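Comments concern the structure below.
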Amino acid sequence: MLSCADDNCKRLRRRGVRELSCRAQLRRACKAAAMKPPPFAYDAPETIDEALGLLDEHGDEAKVLAGGQSLIPLLSMRLARPARLVDIARIAELGQIFLNGSTRIGATVRQCAVERSAELRTANPLLGKAIPFIGHGPIRNRGTIGGSVAHADPAAELPAVMLLLEAEMVLRSASGGERTVPAAEFFEGFLTTAAQPQELLVELRLPAWLPGTGAGFQEIARRHGDFAIVGAGAVVQLDPGTGLVTDSRLAFTGVAGTPVRATEAERMLVGHEPTIAAIAEMAAVARAGLEPSGDVHASAAYRRHIAGVLTERVVKEAVDAAR
Amino acid sequence: MQRFTGTRVTRVEDPRILTGGGNYIDDRNPPGLGHAAFVRSPFAHARVHSIDTTAARAHPGVIAVFTGAELGPHIAPIVTQGPPGMSCPRFTCLATDKVRMVGDPVALVIAESRAVAEDACELVEVEYEELAGIGSIERALAPDGPRIWDDLDSNVLYEEAATYGDPDAAFAAAAHTINETFVQHRITNCPMETRGVIATYEPGRNHFTYMGTLQGTQMARFVISTALSLPATNVDVVLGDVGGSFGQKSSIGHEELAVCGAAKALAGRPIKWIEDRTENLSVGGQAREETVTAQVAFDADGRIRGLRLDMVLAGGAYPIASAPITTLVGTLARVLVPGAYDIADYSFRHRAVFTNKAPYVAYRGPWAIETWVRERVLDRIARELGLDPVEVRRRNLLAADAFPCKLPAGPTLAGITLRAALDKAERVADWAGFRAEQASERARRAVAQPGQPGQPGRVLGLGVVSFIEPAPGPPDYGPSIGFTLPPERATARLEVDGTLSVYTSQAPHGQGHETTLAQLAADELGVSMSAVRVIHSDSRTAPFSMMGTGGSRSATVASGSVIGVARAVRDQVAEIVAHMLEANPTDIEVVDGVARVKGSPDKAMPLAQVAMTAWLAPQYLPPGRNPGIEATFDFRAGDGGWTQSVHSCFVEVDPETGVVKVLRYVVVEDCGDVINPAIVEGQIRGGIAQGIGEVLYEHSAYDDDGTFKAGTFMDYLIPSSMEIPSIEIHHVDATVVTQEVNFRGVGEGGAIGAPAAVCSAVEDALSPWNAKVVEQYLPPSRVLELMGVIPVER
Ligand SMILES: Cc1cc2nc3c(=O)[nH]c(=O)nc-3n(C[C@H](O)[C@H](O)[C@H](O)COP(=O)(O)OP(=O)(O)OC[C@H]3O[C@@H](n4cnc5c(N)ncnc54)[C@H](O)[C@@H]3O)c2cc1C
């Protein structure tokens, strides 16, 4: 009943995603009072197969419920109205972490579990740096890694982290079996991913963290714990001998419909010494490549400017960490 | 014996509230309850062509659906009242012909549960024809622009102007003038508990009970009884615990009245409405949207000679039901704008206009625009002349021996201690130390390579403001604002068990009256606090007052009335005990709940025994005396009545991101004697947190056409404990004027001073960039715009 004029929402509707919501929609004042979700059926399967069966049967009538930190508010505000919720919290297989060079994180692993695991933070320093920026402690206690990635909010930290890490999303469905989608192809648009309604995101695969690599993550939010106006993450690898950059990655949140990699700017550093001047040049190019939009929190010009400021800060942080 | 007054007694209310034992509207579920939800306009301004409720009515669990037309027979149109010359449109509580704001209610669904009511709301089909909307003062005043009320010939709701002294002569004689427009943005009150009501009509006795969340009981009684065509005495208003208001609940809104109409129509069935947060943020009431164009004449020494102020208030689409707040705010600002400064010659024009926005409501210190503009002006003068801003304030403040004197608009100023407060603030806030640090950081910055990350030299700023607030103001304050209140009444009864019941007309919604009034009564009677119960917020028992709690009055007037009534009870106790113990009444004292003859400790009676005698054994009372111990006291406040503060705000601005951090906040104030320091400090801190939020975070944002953009807490940001520094509070020694009750209010000052202090500090920090702060809202992007780092984009 609520319809949103936002282009992304129109696209979502065309793709047959029913009444999925966006923050532009949230901003529209309510047409009717809303604090109770519309009626829905509820399933709490205990195995992946059971969950896949339900998703297969109900298609886009169903929605997966993970930590509920994004979905429940959307339900209560009647901005999402799935006929059925498939709660995956009881599926033990989805809650596992495997560390063996590369890292495999089950979809329902809580954000706080990663935050509190010294082993994981060492295995993947970027993850450790980015996760504390997600909301507040109580949100990270419930919010899942997979939920954040599947939700694909362009202001969220984890989608940008997945892009930077060149992680792979493991999707499974009853009819199609398992497939793996690289992060670069996973985030298609505002709250839109390559995952089909019948597919469950089961696991995130993060490549091994290479020696000599450092990470930086920072953001500017209006208040502590808010979704950032703009966030930036960087991964820099240095040659231990020469100190020259062998790999450089930079990504932003909050500047487009998806998290974005600043590929042109990234390349500028490779093969060079990461001097303050070089980083500043890189920031200028990164900033120029963005076309953010403005909202109640900040103008487009502000976002573009902050992207530059944060680039300098996170690349420097990553370089320091790599040394 | 222990004295409670003046000590940090823990709040009587807290154990109940903090352990979930509070009694808020939503905690009450009388049998047969129907739940209400509203269908609302998604448009700022539109004609309503049709409303189809067929599907909603047929939905299982729906009890009733009302459109404005269907509610008409049950509830009269809302008629607002105000001073002569105010446009008072008539409108119904559910929009019929036209919607005038996003969220305007057009239909009301009553169902067996809130969830079902919401389901049915979605089934109501409304056909709208969108009209051009008005989201700004400029559009409201545009001569050929849209009109919000078809039957009025302009969007101007009210206009008044007054001149004091001779501003023209002052301008002619002054060495300097400046001309600037200052813009304050719309914010909202954000009480923790949103609005709500349980309304019940009992047809048998033609009686209506309104359980709600308001700041008073009697005014509501009249509004409801008028709307429902019932005698006022057939309407009871009963409030429970009220979870905050900050002015929002000083009047009844459209929704509550619509629910009353529905309850009348569905006779016998209690109907509950609890406002959700989006409703509260969008239409619960918003405040503060004002623009003031100021012409200032001043001398070379920084002294203001004259002011010409022209204010326009964006009043929203609908005047609120009971009080003409959009006119009153202009009146208050006009009367109070000189503060304690020597400003004798000024003119003030006030206009309130209709806009397609939520109703304008009172907000903590509703007139705060005057302090913000005046303090901005004083900073500007300092800058134009290269003077220290505090020195400019000292030069403009009235001399210490000027008091008592009168403000140009009438009220008497007495007991003003701002000069002492400034002196104390200078010491405790250590402005000089901060200025030295600021200078060295600026010097470091000046020599550093610009544009480098981590460039040294922090960007620091200090803002110092001073202001006075009528809390409650002197006796001639009321007449000068056209709003005279009768004396404040309290009644009391010494119950048969010797405990004291005190009845106040206050309707506390967070102020802690159950604690402070009990402290005062206990001390006055000579009992422990646990022997006093403070009874409030029930029109059946409260002493009559149209005001309830508001206007920072209760510290003086409720306290005075309670002290008076407790003293009257003690006098009766003394009279009875003296008779029974054969002593002189003046020799009777009450200590720790025991009445005794001074100097003869064995001649004593516990109050329980006195009370039991008084109520049950009148034969022992003085001859001719009626049984029982009950008293009434009417308190009239004396002169003085001003709470006064100096706020010092220290900020750091990140010049790369525009993020402002409040480093330190120091308040020096004089609110007279303090009943409970913890409560006083809590009030001040809460107000300052709101003031900081107002400048740095909060904005009820609309587009120019009235599209609303801040309907969730993701868009409307209130500060959390992470954004608010610890706030230091110092008192100056209280001056006693003529008040025998020397307590003054502190409810509003924090929110009045803080926006001025924060803006002043940010402007000071940005002075190397020559930035002028003329808009109160300073999110990070605005700060970078002021610094010229990014282009202005709106
Ligand atoms: C006040 C507040 C502040 C917040 N601040 C931030 C912040 O700063 N940064 C940030 O990144 N997030 C923030 N969040 C969101 C939070 O991180 C969520 O936890 C996260 O976005 C979603 O994870 P979830 O497990 O709660 O998923 P849910 O809310 O349960 O689901 C979200 C969406 O993902 C889908 N989904 C979930 N799991 C799967 C799966 N395994 N397979 C397929 N689809 C799936 C759901 O169907 C739903 O559409 C905030 C939330 C709140 C309430």
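Every chain is numbered from 1 and lettered A, B, ... according to where its sequence line falls, protein lines coming before strand lines. These numbers were taken from a predicted model, which means no experiment stands behind them.
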Looking only at non-hydrogen atoms, find the nearest pair between A34(A) and D276(B) and report the distance. N-OD2, 2.8 Å

Can you check whether E656(B)'s main-chain N or O pairs, donor with acceptor, with H305(A)'s side chain at less than 3.5 Å? yes

Between R277(B), M722(B), H699(B), which residue shows the highest count of heavy-atom pairs closer than 4.5 Å to chain A? M722(B)

If you count heavy-atom pairs within less than 4.5 Å of chain B, which of I229(A), I279(A), V309(A) leads? V309(A)

Run the ring-ring contact (aromatic ring centres under 6.0 Å, His included) test against H35(B) and tell me which residues pass, sequence neighbours left out. none

I need the T657(B) OG1 to Q218(A) CD distance, nearest 0.5 Å. 10.5 Å

Are I274(B) and M35(A) close enough, and set up right, to give a side chain to side chain contact (heavy atoms under 4.5 Å, CB included), and what steps lead you there? CA-CA 10 Å; I274(B) 300 293; M35(A) 59 182 180; 4.2 Å; yes

The test is side chain to side chain contact (heavy atoms under 4.5 Å, CB included); show your working for H297(A) and L717(B) and say whether it passes. CA-CA 9 Å; H297(A) 295 310; L717(B) 307 181; 3.6 Å; yes

Rounding to 0.5 Å, atoms CD1 (I220(A)) and OG (S781(B)) come to a distance of 12.5 Å

Interatomic distance, R78(A) atom CZ to E122(B) atom CD [nearest 0.5 angstrom]: 4.5 Å

Checking heavy atoms, do the side chain of A115(B), its backbone, both or neither come under 4.5 Å from chain A? both

With a sphere of 6.0 Å drawn around CZ of R57(B), does it hold more than 12 non-hydrogen atoms of other residues, nucleotides or ligands? yes

Smallest separation among heavy atoms of S299(A) and I790(B), with atom names: OG-CD1, 4.1 Å

Between L784(B) and chain A, which part of the residue has a heavy atom less than 4.5 Å away: side chain, backbone, both or neither? side chain

Without swapping roles, check the side chain of Y302(A) against the backbone of G658(B) for a donor-acceptor pair under 3.5 Å. no

Is the backbone N or O of K36(A) less than 3.5 Å from a side-chain atom of E118(B), with the two atoms forming a donor-acceptor pair by type? yes

Do any N or O atoms from the side chain of E793(B) and from the backbone of G294(A) form a donor-acceptor pair under 3.5 angstrom? no

Taking side chain as everything from C-beta outward and backbone as N, CA, C, O, which of these in I718(B) sits under 4.5 Å from a heavy atom of chain A? Side chain, backbone, both or neither. both

Using non-hydrogen atoms and a 4.5 Å limit, figure out which bit of L696(B) sits close to chain A: side chain, backbone, both or neither. backbone

Contact part of A283(A) toward chain B, heavy-atom cut-off under 4.5 Å: side chain, backbone, both or neither? neither

Quick one: does R222(A)'s side chain have a donor or acceptor within less than 3.5 Å of a partner on Y697(B)'s backbone? yes

Note: vs chain A, highest number of non-hydrogen pairs under 4.5 angstrom among A107(B), P780(B), A117(B) is P780(B)

Proximity breakdown for F713(B) and chain A, heavy-atom pairs closer than 4.5 Å: backbone

